[in-house]
Amino acid sequence: MRNILFLAPAVRLDLFARWIPRGPQIFKRFRMFTMTDAAEKQDRIAGPIYPRSLLYMVSGCFEDRPDAAIVGMDRYLRRAVTSAGRDYDDVRLWLQEGNRLAYSPSPARTAQGLQTNSLHHGSFDDDPATLASLRFIVGATP
C-alpha cells in the first residue's frame with residue numbers, strides 16, 4: 001500500500017493543492033500530522049527574538065510574500081485567508097475527508113493512526129503517539 005505521510009509540512013498551500021489533491025493519485029492513503037494553532041503559537045523557536053514556531057517563521061519570513069498560506073498550519077486550514085487564494089476550500093475540504101488530518105495535541109480517545117502529541121515541529125519524529133500512529137498506518141508492529 002502506498003502512503004504519503006506528512007509531519008507538519010512547511011509547503012505552500014497552492015503547491016500542495018497542485019500536487020497532492022489535484023495531482024496524479026499515485027498513493028492510496030494520505031495523512032498529515034500537525035499542531036493546533038494554539039500549540040503552534042506555544043512552539044517558540046527563538047524565545048523573545050522570534051516567539052512563534054518554525055512554520056510561522058517560514059510563512060512570515062521565508063516565502064515570496066509575507067503570511068504565505070502553509071498547508072501544515074492550522075490557521076490556514078480553519079478559515080479563509082487572502083494568501084491562500086482559490087486553493088483554500090479545495091485543500092481544506094480534501095483534508096477533512098477520510099481522516100487525512102491529525103492534530104496535536106490529540107484529544108483523549110483519538111482513534112489509532114490519528115494520535116499525535118508533539119508540541120514542537122522538530123519532535124514529531126520522536127513523539128511516541130505519532131510514531132505509534134505511523135506504525136499503525138503502514139501496518140507495522142512495534
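This chain uses plain numbering: 1 for the first residue, then up along the sequence. Side-chain atoms are counted along with the backbone in the values below, which use heavy atoms only and exclude waters and symmetry mates.
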How close do [X] and [Y] get, heavy atom to heavy atom, and via which atoms?
| X | Y | value |
| --- | --- | --- |
| L134 | L5 | CD2-CD1, 3.8 Å |
| R31 | N99 | NE-O, 2.6 Å |
| S133 | Q115 | OG-O, 2.6 Å |
| L101 | M32 | CD1-CE, 3.3 Å |

Take atom CG of L93 as the centre, draw a 6.0 Å sphere, and report whether it contains more than 12 heavy atoms from other residues, nucleotides or ligands.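 Yes - once you tally the heavy atoms of other residues, nucleotides and ligands closer than 6.0 Å, there are more than 12.
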Could you state the interatomic distance from [atom1] ([X]) to [atom2] ([Y]), rounded to the nearest 0.5 Å?
| X | Y | atom1 | atom2 | result |
| --- | --- | --- | --- | --- |
| W94 | F16 | CH2 | CZ | 5.0 Å |
| Y56 | D67 | OH | CG | 9.0 Å |
| M57 | H121 | CE | NE2 | 11.5 Å |
| L55 | M35 | CG | CE | 6.5 Å |
| F30 | I137 | CZ | CD1 | 10.5 Å |
| S118 | L131 | OG | CG | 10.0 Å |

If you define the side chain from C-beta out and look only at heavy atoms, does anything of V71 sit under 4.5 Å from I20?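 They are not in side-chain contact.
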Hphob cluster co-occupancy, [X] + [Y], side-chain heavy atoms under 4.5 angstrom:
| X | Y | answer |
| --- | --- | --- |
| L15 | V91 | yes |
| L77 | W19 | no |
| L95 | V11 | yes |

Donor-acceptor pair, distance only, cut-off 3.5 Å: does the side chain of [X] make one with the backbone of [Y]?
| X | Y | result |
| --- | --- | --- |
| T116 | Y103 | no |
| N117 | S106 | yes |
| S59 | I70 | no |

Sort and list the pairs that fulfil salt bridge (Lys or Arg N to Asp or Glu O under 4.0 Å) and have at least one residue in residues 35-47, not counting sequence neighbours.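 Residue pairs passing salt bridge (Lys or Arg N to Asp or Glu O under 4.0 Å), neighbours aside: D37-K41.
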State which residues pass side chain to side chain contact (heavy atoms under 4.5 Å, CB included) with I26; sequence neighbours excluded, sorted by chain then number.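 I26 satisfies side chain to side chain contact (heavy atoms under 4.5 Å, CB included) with R2, P24 only.
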Show which side-chain atoms of residues 107-114 pair as donor or acceptor with protein atoms under 3.5 Å away, not counting sequence neighbours.
residue: T110; atom: OG1; partner: P107; partner atom: O; Å: 2.5

